[in-house]
Amino acid sequence: MSNVRVHRPFLSAVVIAAAFAAIGSLSACRGSHQQDANADAARSVYVPVGKWDKYYAFLSGGQAGTVLVYGIPSGRLIRSIPVFEPRAQYGYAIPGTKTYEMLKASGPLWGDSHHPALSETNGDYDGRWLYINDKANTRVARIDLKRFETAAIATIPNFQAAHGTSVVPPDTKYVIVNGEFLAEPDKSHGVDVAAYKAGMAFLDPITLQTRFEVLVPGNCDINDASKDGRWAFSTDYDTEKGLSVEDMIRNDEDAIAAIDIPAAEEAISKGEFTSMGGTKVIDPTRTTKKVLYMIPVPKNPHGCDVSPDGKYVAASGKLSPTVTLIDISKIDKVKNLRDAIAAQPEVGMGPLHTTWDGRGNAYTSLFIDSQIVKWNVARAVAGDPNYVIDRMDVHYNPGHTYAALGRTRHPSGDYLLALNKLSKDMFIPVGPSMPESQELIDISGDKMRMLLDFPAEPEPHDAAFIRVSDLAPKVAQVEQPGPDAIAEGKSRIEQVGPHEYHVYMTVIRSKFGLDAFTVHQGDKVTITLSNIETVKDMTHGFALEDYGINLAIDPGQTREVTFIADKPGTHWYYCTWFCSALHLEMRGRMLVETAGQQEAHR
Ligand code: CUK
Ligand code: CUA
């Protein structure tokens with residue numbers, strides 16, 4: 001309609017009247033169009049009662065140090081997985097538990113998570129592990145998707161601010177984590193500006209031990225790896241090595257750092273490294289084979305995304321309105337690394353991250369323009385000026401954007417999530433702070449179609465979707481009782497030292513194995529609980545009054561907590577997961593006798 005323009009220099013009153021009448025009916029028609037579009041959008045995201053979503057989206061919980069699981073397309077919150085924060089709800093990192101020891105041993109009880117990365121086999125998601133960084137404390141965690149639980153946390157040595165996080169395809173040989181900020185690796189002698197370093201760490205995907213690191217000049221921001229596992233890429237801003245905002249943006253050019261992984265491995269095997277902080281650190285200026293390529297790209301690039309066909313790595317411009325596409329096959333072949341640049345399409349203001357639909361199109365978030373721009377890769381490479389296909393306003397100021405399975409070899413090209421930093425007028429205020437927002441867009445057609453917006457916890461960063469049909473078979477519903485599980489009828493209390501007790505209890509509807517047990521004030525008490533249910537969805541809890549303890553014990557699982565019984569008297573323990581008609585009766589007493597009462601028994 002809008003491209004039909006009729007110019008009539010002389011309009012009679014009759015024509016004007018007719019035109020107004022037409023506008024009236026036009027707006028009525030627009031209204032019903034909008035209603036139809038809304039109804040269509042609603043139909044597209046509606047998941048009938050009892051049906052599953054197509055995808056689970058793992059979203060970084062940002063400053064909560066957690067991972068949020070949303071159903072896509074419905075936008076329903078399925079679960080949150082505590083990672084770098086204690087959460088009594090799931091008995092996670094409660095003092096006296098193993099998960100507390102794990103988190104405490106790795107650093108503070110809080111983290112800042114940005115980049116969820118799913119493990120891959122053959123270049124596709126295998127549903128085994130999810131990795132997530134903690135920028136604030138330079139850590140990374142591995143979540144076991146069999147249980148949706150944090151299984152391992154490790155600190156990255158020598159670096160500060162674990163930022164970009166991705167896996168090396170096709171089979172998750174390494175997890176790559178960027179050390180973003182410049183800092184001295186060894187802090188035991190205090191401040192040492194001359195020793196400031198940043199770089200990329202290559203981790204064992206299971207133990208999360210850092211196998212080696214490569215120093216990179218500048219600040220390593222976001223990373224990705226080539227589909228064949230040969231190259232690790234990172235956008236690299238502050239190649240000026242500035243320590244103030246002004247200095248960080250002084251130059252008009254920064255880089256994409258490309259690390260030749262086999263060359264780095266060769267350097268390690270030849271002993272071309274220094275041992276630092278318990279790991280092997282490669283200084284790429286001192287290796288016989290070239291390990292690091294610094295490909296020039298405009299001003300302070302941000303997103304770093306390899307296309308699904310493995311041909312290109314895209315650096316999203318941030319302070320430049322462009323995306324730089326680098327032809328991966330040329331990196332080690334060209335004399336001048338600028339010749340590896342395949343295209344530099346201008347896409348709009350503040351490009352932050354780029355994702356892919358698997359049909360040859362890229363989608364870049366534009367922070368300043370508040371848009372997602374869809375552009376065609378082949379057209380941009382061919383120099384066709386019509387590479388921009390569509391633009392969609394989002395609300396507002398998107399950071400990451402993620403098209404379903406966009407980071408694998410087989411993007412599904414149906415949904416795209418825009419993770420927005422500001423919501424302004426989108427929601428009812430919640431005080432001076434507003435909810436953050438995310439929007440789901442249909443990208444299956446030529447034109448993007450807005451489907452849904454739903455709030456996010458601060459601060460939404462990145463997302464990774466996995467097909468529910470791929471994930472569901474991998475998830476445990478009832479665990480096989482482990483070797484430490486307590487058998488039915490074996491609940492008991494044992495004295496294991498002069499002032500130390502171990503309590504063993506089974507848990508099954510609607511009873512704890514012991515109705516009561518007695519210890520003495522100041523005793524060290526360990527309680528082991530085995531949920532001996534054999535049906536799914538029958539989790540029990542164990543909350544102990546006034547001791548700050550709550551556990552969640554899933555069917556087949558055994559959980560343990562150790563504490564000092566420093567508060568005398570009667571302390572009921574009760575089940576926190578509503579499990580049965582006798583849920584409220586599902587409780588027992590810990591009786592903590594004083595020294596005087598103990599004497600009286602003798
Ligand atoms: S960073 Cu958040 S918008 Cu940490 Cu991935 Cu780009
Ligand atoms: Cu067991 Cu409620």
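No experiment lies behind these values; they were computed from the predicted model shown. No hydrogens, no waters, no symmetry mates; every other heavy atom, side chains included, goes into these values. Whatever order the structure lists them in is the order used to number ligands and atoms, beginning at 1.
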Worksheet item: Does the side chain of Ser166 pick up a donor-acceptor pair with the side chain of Tyr131 at under 3.5 Å?
Response: no
Practice prompt. Starting from atom 2 (Cu) of ligand 2, look over the N/O/S atoms of His583 and name the nearest one.
Written response: ND1
How does [X] reach ligand 1, if at all, at less than 4.0 Å between non-hydrogen atoms: by side chain, backbone, both, or neither?
X	value
Lys135	neither
Glu459	neither
Ile222	side chain

Discussion item. Just to confirm my output: which protein heavy-atom neighbour is closest to atom 3 (S) of ligand 1, and how far is it?
Written reply: Lys421 NZ, 3.4 Å
Practice prompt. Name the closest protein heavy atom to atom 2 (Cu) of ligand 1, giving the residue it belongs to and the distance to 0.1 Å.
Written response: His461 ND1, 2.1 Å
Worksheet item: Relative to each other, are the rings of Trp577 and Tyr90 parallel, tilted or perpendicular (30° and 60° limits)?
Response: tilted
Practice prompt. Look at the aromatic rings of Phe58 and Phe148 and report parallel, tilted or perpendicular, splitting at 30° and 60°.
Written response: tilted
Practice prompt. Using heavy-atom distances, let me know which of His163, His302, His114 sits nearest atom 6 (Cu) of ligand 1.
Written response: His302
Worksheet item: Where is the tightest heavy-atom contact between Ser580 and Arg509, given as atom of each residue plus distance?
Response: CB-CG, 3.9 Å
Item to complete: Decide whether a cation-pi geometry holds between Arg492 and Tyr504; the criteria are a distance under 6.0 Å from NZ or CZ to the six-membered ring centre and an angle within 45° of the ring axis.
Response: yes
Worksheet entry | atom 2 (Cu) of ligand 2 reached by Cys575 (N, O or S, under 2.8 Å) | yes
Worksheet item: Closer than 2.8 Å to atom 2 (Cu) of ligand 2, do we get an N, O or S atom from Trp577, backbone or side chain?
Response: yes
Worksheet item: Any side-chain heavy-atom pair from Asn361 and Val377 closer than 4.5 angstrom?
Response: no
Worksheet item: Is Leu451 close to Tyr415 at the side-chain level, that is, under 4.5 Å between some pair of heavy atoms?
Response: yes
